[in-house]
Undergrad: 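Below: one structure in structure tokens.
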Amino acid sequence: MPSVPDRINVLLIGTGGREHALAWKMRQSARLGDLWVQKEANAALQELGQICPETISITKSFFLLRWCDKNDIGLVVIGPEGPLAEGLADLLVGPNRMVFGPRKDLAQIESDKGWAKQIMREALVPTAEGRVFTSEAAASKFVVERDEPCVVKAAGLCAGKGVTVCATTPEAQAAISLLFKGAEFGAAGSKIVIEEMLEGQEASVLALVDGSTITVFDPCQDHKRVGEGDTGPNTGGMGAYCPAPIIDEERLLEITKSILVPTVDALRRQHRDDSAQLPFRGVLFAGIMMTHAGPKVIEFNARFGDPETQAIMMRFKGDLVEILYRTAAGTLDGGSFTMDPRVSCCVVVCANGYPGKPAIGHAISGIAEAESLAGPDEEVVVFHGGTTRNNLGELVTSGGRVVGVTALAENLARANELASAAAALIRFQGAFFRRDIGHKALKSSAVRG
Ligand code: AMP
Ligand code: GLY
């Protein structure tokens with residue numbers, strides 16, 4: 001078993017809020033050597049590392065590999081789904097270079113919802129009943145005959161936006177037609193999944209997986225809809241908090257046993273015959289619906305969530321570089337970390353237009369004020385998502401989810417209050433955010449008394 005080196009040079013792939021949170025925590029590790037980030041990384045992420053001059057793409061493999069060798073990169077941490085789906089992990093892994101993030105064919109658990117359904121079926125993992133279609137006529141016939149609420153999804157990657165929850169058959173037909181005809185989702189929309197509509201509360205369960213050992217983080221709850229009270233279109237995530245009390249310890253154990261373990265086993269079986277192939281190493285992220293019939297999988301992701309990671313990293317106590325390295329090296333059982341007993345809440349401040357085309361280039365202020373709002377025994381960290389510096393060196397918006405204002409406080413009510421008050425101090429033209437991150441949990445605890 002390889003031991004964990006005392007100093008590890010890390011290349012962090014990804015440019016947004018999730019990566020800022022990972023870099024922020026990795027910077028607290030004594031094992032961190034050089035931290036390299038992409039040249040497209042947001043403004044804060046660039047300040048935490050050195051800029052990798054190479055283009056991060058499998059089509060530039062020769063230069064990228066040569067650069068990794070030259071800079072003695074010992075660990076590559078891949079944040080987003082796109083590079084995983086393209087096979088960046090397969091490309092960069094080497095005898096002296098661990099990669100956190102699964103190889104291409106196992107990343108299909110996220111990048112192909114049809115493949116994911118098949119894995120879940122084989123592993124008897126509870127999920128929404130679903131069928132895969134590659135023809136618009138067949139899909140349309142199916143929803144007409146079924147005539148019940150359903151969910152229409154592009155099978156491929158769509159940044160959380162290729163999903164329509166349809167209460168009626170005409171809505172479903174319109175969603176099907178949009179996916180097949182619309183240019184918006186391209187090839188991702190030419191194969192679709194139609195699922196039964198699940199009802200209940202959603203939660204995000206993220207686990208580190210090193211091929212066989214599974215370490216589950218405390219559950220989070222994301223808020224996908226753009227508007228308060230869960231209204232409006234889906235987004236990549238408007239805010240998250242951790243831990244989410246709708247999944248208590250007993251339920252988390254049930255989810256681990258009935259969902260995570262069989263899925264990891266099924267992923268391992270994919271390459272039983274080829275031991276040269278790397279197993280799934282990285283994060284397995286289950287989007288769960290807590291239905292009356294128990295927890296069911298809505299989707300799997302093969303990576304950390306955004307903004308779940310901001311909420312999790314705020315509570316993570318341990319050496320993140322070691323833990324990510326161990327996950328990538330298959331020695332997770334030798335590492336340990338704890339979670340801060342306080343509650344974290346991340347409120348995403350978005351740019352006008354999001355989740356459609358966001359307005360960019362607007363000056364941002366108020367970050368220092370927001371971070372200094374924390375009281376004794378509290379913390380506020382503003383994680384950057386879509387930010388950059390303009391020619392004058394000013395911090396400006398460059399994406400839809402501009403910053404994730406993340407508070408750590410003694411309970412959820414206070415964490416939400418603090419994060420929302422701090423978010424209100426972030427100023428740029430057209431800024432908006434949800435004040436109700438965590439309200440469902442707060443309401444249900446009020447009902448329970
Ligand atoms: P996904 O990209 O698959 O996570 O879907 C985005 C969002 O659509 C989820 O967070 C849910 O709110 C909703 N959704 C997806 N699938 C279902 C389902 N089968 N039943 C109800 N809601 C769903
Ligand atoms: N917040 C959900 C995701 O990262 O997919």
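All ligand and atom numbering here is 1-based and tracks the order in the structure.
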Undergrad: Please list every donor-acceptor pair under 3.5 Å in which a side-chain atom of residues 337-349 meets a protein atom from a residue at least two apart or in another chain.
TA:
from, atom 1, to, atom 2, distance (Å)
D340, OD1, R342, N, 2.8
D340, OD1, R342, NE, 3.0
D340, OD2, R342, NE, 3.4
D340, OD2, R342, NH2, 2.8
R342, NH1, D377, O, 2.9
S344, OG, C242, O, 3.4
S344, OG, A311, O, 2.7

Undergrad: Does ligand 1 have a heavy atom under 4.0 Å from the side chain of L198, from its backbone, from both, or from neither?
TA: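 Both backbone and side chain of L198 come within 4.0 Å of ligand 1.
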Undergrad: Are R225 and ligand 1 in contact, using a heavy-atom cut-off of under 4.0 Å?
TA: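 In this structure, R225 fails to qualify as a contact of ligand 1 - no heavy atom is under 4.0 Å.
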Undergrad: Go through the side-chain N and O atoms of Q46 and N42 and say whether any donor and acceptor fall under 3.5 Å apart.
TA: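 Distance-only check fails for Q46 and N42.
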Undergrad: Less than 6.0 angstrom separating the ring centers of H20 and F383, yes or no?
TA: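 Judged by ring-centre distance (under 6.0 Å), H20 and F383 do meet the cut-off.
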Undergrad: I'd like to know if the side chain of D248 reaches the main chain of R251, judged simply by a donor and an acceptor atom lying under 3.5 Å from each other, with no hydrogens or angles considered.
TA: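 Present.
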Undergrad: Could you say whether the N/O atoms of M289 and ligand 1 ever approach to under 3.5 Å?
TA: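 No, there is no polar N/O contact under 3.5 Å.
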Undergrad: May I ask you to list the atoms of ligand 1 that are less than 4.0 angstrom from any heavy atom of A128?
TA: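 Those atoms are 19 (N).
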Undergrad: Distance alone, cut at 3.5 Å: any donor-acceptor contact between the side chains of T127 and K117?
TA: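 Looking only at side-chain atoms, K117 and T127 do form a donor-acceptor pair, the distance falling under 3.5 Å.
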Undergrad: Does any donor atom in the side chain of Q201 or Q221 lie under 3.5 Å from an acceptor atom in the other side chain?
TA: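 Distance-only check passes for Q201 and Q221.
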Undergrad: Run the salt-bridge test on K113 and E299 with the 4.0 Å N-O cut-off and return the result as yes or no.
TA: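 Salt bridge: yes.
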Undergrad: Can you confirm whether the side chains of S111 and Q108 place a donor and an acceptor under 3.5 Å from each other?
TA: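 There is no such pair between these side chains.
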Undergrad: Heavy-atom pairs closer than 4.0 Å: do any link ligand 1 to the side chain of D222, the backbone, both, or neither?
TA: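 Within the 4.0 Å criterion, D222 makes no contact with ligand 1.
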Undergrad: Which of the numbered atoms in ligand 1 are below 4.0 angstrom from a heavy atom of E196?
TA: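 By the 4.0 Å cutoff, the relevant atoms are 18 (C), 19 (N), 20 (N).
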Undergrad: State the atoms of ligand 1, each with its element, that fall below the 4.0 Å cut-off from a heavy-atom position in K224.
TA: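 That gives atoms 4 (O), 10 (O) of ligand 1.
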Undergrad: Could you tell me which non-hydrogen atom of I119 sits nearest to which non-hydrogen atom of A266, and how far apart they are?
TA: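 Scanning both residues, the minimum pair turns out to be CG2-CB, 3.9 Å.
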Undergrad: Tell me yes or no: between the side chains of S204 and E308, is some donor less than 3.5 Å from an acceptor?
TA: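 Their side chains do contain a donor-acceptor pair, which is all the 3.5 Å distance test asks for.
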Undergrad: Please could you name the atoms of ligand 1 that M197 approaches to less than 4.0 Å, counting only its heavy atoms?
TA: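 Going through ligand 1 atom by atom, the ones under 4.0 Å from M197 are 20 (N), 21 (C).
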Undergrad: Any idea which residues sit under 4.0 Å from ligand 2, heavy-atom distances?
TA: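 The 4.0 Å shell around ligand 2 contains D222, K224, G236, F285, N301, R303, G305, D306, P307, E308.
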